[in-house]
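Working notes for the structure below.
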Amino acid sequence: MGGAKKSTWIGGTVFVGVVLAAAAWFLLISPTFAAAAEVRAAAEDTRAQNEILSLQVVKLKADFEKLPEYRAELEQLRVQVPTDARLADWMRQLDQIATAHGVVVTALTPSAPQAVVPAEAVAPAAPPATDGTATDGTATDGAATDGTATADGTGVPAPVVSTVPDGMVAIPISVTVLGPYDGTVAFLHDLQRTMPQLFLVSGFTGTAQDEAAASGGKPATHVGDQELIVTGYTYVLPDLFATPAPVDPAAPAPTLPGAIPGKNPVVPIPGR
């Protein structure tokens, strides 16, 4: 009888111990392990972010050391595409080229600036169907017919998208020069290739000249001379990062000068 009671107490004690162990695991130990795992994961993420930031800091430091080089490159680019029209400088460069090649600028006509709009990209036509393609002309394995894979799997190369900086404008200019044929051809070459300020030639017309005396602002011409009319564009990119001087809102407004005592401001001043 006593042995049965002892066995019952032992079994009850074991059961209570198991219940307490399970409760401790689910209520205390398991949440603690989960929280520790979350902390370890957060620490790993933080460590990875710190490594990325360290690499960025190293790159920024290297870029900062190259800042004078970047500024010099920017100034060189601003000579080619200035922040304002600078037509006077452009015309001086044009006159230097004309003088170097023995031609005379007889007309120069700039027009109103116009915004530069990028040309719409046109998707290239799909390549012709070859072996291994479906009846609709698309590759059955999602690859181009020449064996090169594409991003969308259609076999058609993606169109190239042209971008233009915000605020960029083009100034149409027409230039007419007169001189020897070789000189006008060399002038046209240097106008587009060696001008410090970029100039894009969009068209030109050459007219052969006969023997003629100087008249109407044109120099004398000889047989074989050429009048060359060149049209094109020079470009301007305003400095969008330039900010006006800040205005202090607390600064007092300027005051107008007061009336002079004893003087009527309505009475006109007598002339001499």
Point to revise | ILVMFWY cluster, Leu94 and Tyr233 together (side-chain gap under 4.5 Å) | key: no

Study note, to complete from the structure: Residues Val103 and Gly179: closest non-hydrogen pair is CG1-CA, 4.1 Å

Practice item. Say whether, by atom type as modelled, one donor and one acceptor occur between the side chain of Thr231 and the main chain of Gly203 under 3.5 angstrom. Key: yes

Review point. Looking at CE of Met91 and CZ of Arg86, how far apart are the two atoms once the value is rounded to the nearest 0.5 Å?
Key: 14.0 Å

Review point. Which pair of heavy atoms, one from Pro238 and one from Gly167, lies closest together, and at what distance?
Key: CD-O, 3.1 Å

Check your understanding: Under a single-linkage definition using a 4.5 Å side-chain heavy-atom cutoff for Ile, Leu, Val, Met, Phe, Trp and Tyr, are Leu198 and Leu108 assigned to the same hydrophobic cluster?
Key -> no

Exercise for review: First locate atom CD of Gln49, then atom CD of Glu51, and finally report the distance between them rounded to the nearest 0.5 Å.
Suggested key: 11.0 Å

Review point. Can you tell me how far CG of Asp84 sits from CG of Asp89, rounded to the nearest 0.5 angstrom?
Key: 8.5 Å

Point to revise | same_hphob_cluster(Trp90, Phe204) at 4.5 Å side-chain heavy-atom cutoff | key: yes

Exercise for review: Would you check if Thr176 and Glu227 make a side-chain contact, meaning some heavy-atom pair closer than 4.5 Å?
Suggested key: yes

Review point. Distance-only, no hydrogens or angles: does the Asp190 side chain make a donor-acceptor pair with backbone N or O of Phe187 under 3.5 Å?
Key: no

Exercise for review: Could you tell me the separation between the CG atom of Asp45 and the CZ atom of Arg40, rounded to the nearest 0.5 Å?
Suggested key: 13.0 Å

Review point. Does any donor atom in the side chain of Gln197 or Thr234 lie under 3.5 Å from an acceptor atom in the other side chain?
Key: yes

Practice item. Write down the atom of Gln226, the atom of Gly206, and the distance for their closest heavy-atom approach. Key: OE1-CA, 3.5 Å

Revision key, fill the gap. Interatomic distance, CG@Leu188 vs NE2@His101, rounded to 0.5 Å, equals 10.0 Å

Practice item. Over all heavy atoms of both residues, which pair between Ala98 and Val105 is shortest? Give the atoms and the distance, please. Key: CB-CG2, 3.8 Å

Point to revise | Backbone of Thr46 reached by a side-chain donor or acceptor of Asn50 within 3.5 Å | key: yes

Review point. Is it the case that one hydrophobic cluster holds both Leu178 and Val230, taking links as side-chain heavy atoms less than 4.5 Å apart, direct or via other members?
Key: no

Point to revise | Min side-chain heavy-atom separation Phe199-Ile173 under 4.5 Å | key: yes

Practice item. Could you pull out the closest heavy-atom pair between Ala170 and Val116, with the gap in Å? Key: N-CG2, 3.6 Å

Practice item. Kindly determine whether Val223 and Gln209 satisfy side-chain contact (heavy atoms from CB on, under 4.5 Å), including the steps that lead there. Key: CA-CA 6 Å; Val223 176; Gln209 303 295 300; over 6 Å; no

**Study point:** In one Ile/Leu/Val/Met/Phe/Trp/Tyr side-chain cluster, 4.5 Å: Val81, Leu200
**Key:** yes

Exercise for review: Check whether any side-chain heavy atom of Ser174 lies under 4.5 Å from a side-chain heavy atom of Ile229, and answer yes or no.
Suggested key: yes

Exercise for review: Determine, step by step, whether Val236 and Thr83 satisfy the side-chain contact (heavy atoms from CB on, under 4.5 Å) criterion, reporting the C-alpha distance in whole Å, the side-chain angles of both residues, the deciding distance to 0.1 Å, and the verdict.
Suggested key: CA-CA 6 Å; Val236 175; Thr83 56; 5.7 Å; no

**Study point:** Rounded distance [0.5 Å steps], CD in Gln96 versus CE in Met195
**Key:** 9.0 Å

Revision key, fill the gap. Tightest non-hydrogen contact, residues Tyr235 and Met168, listed as CB-CE, 3.7 Å

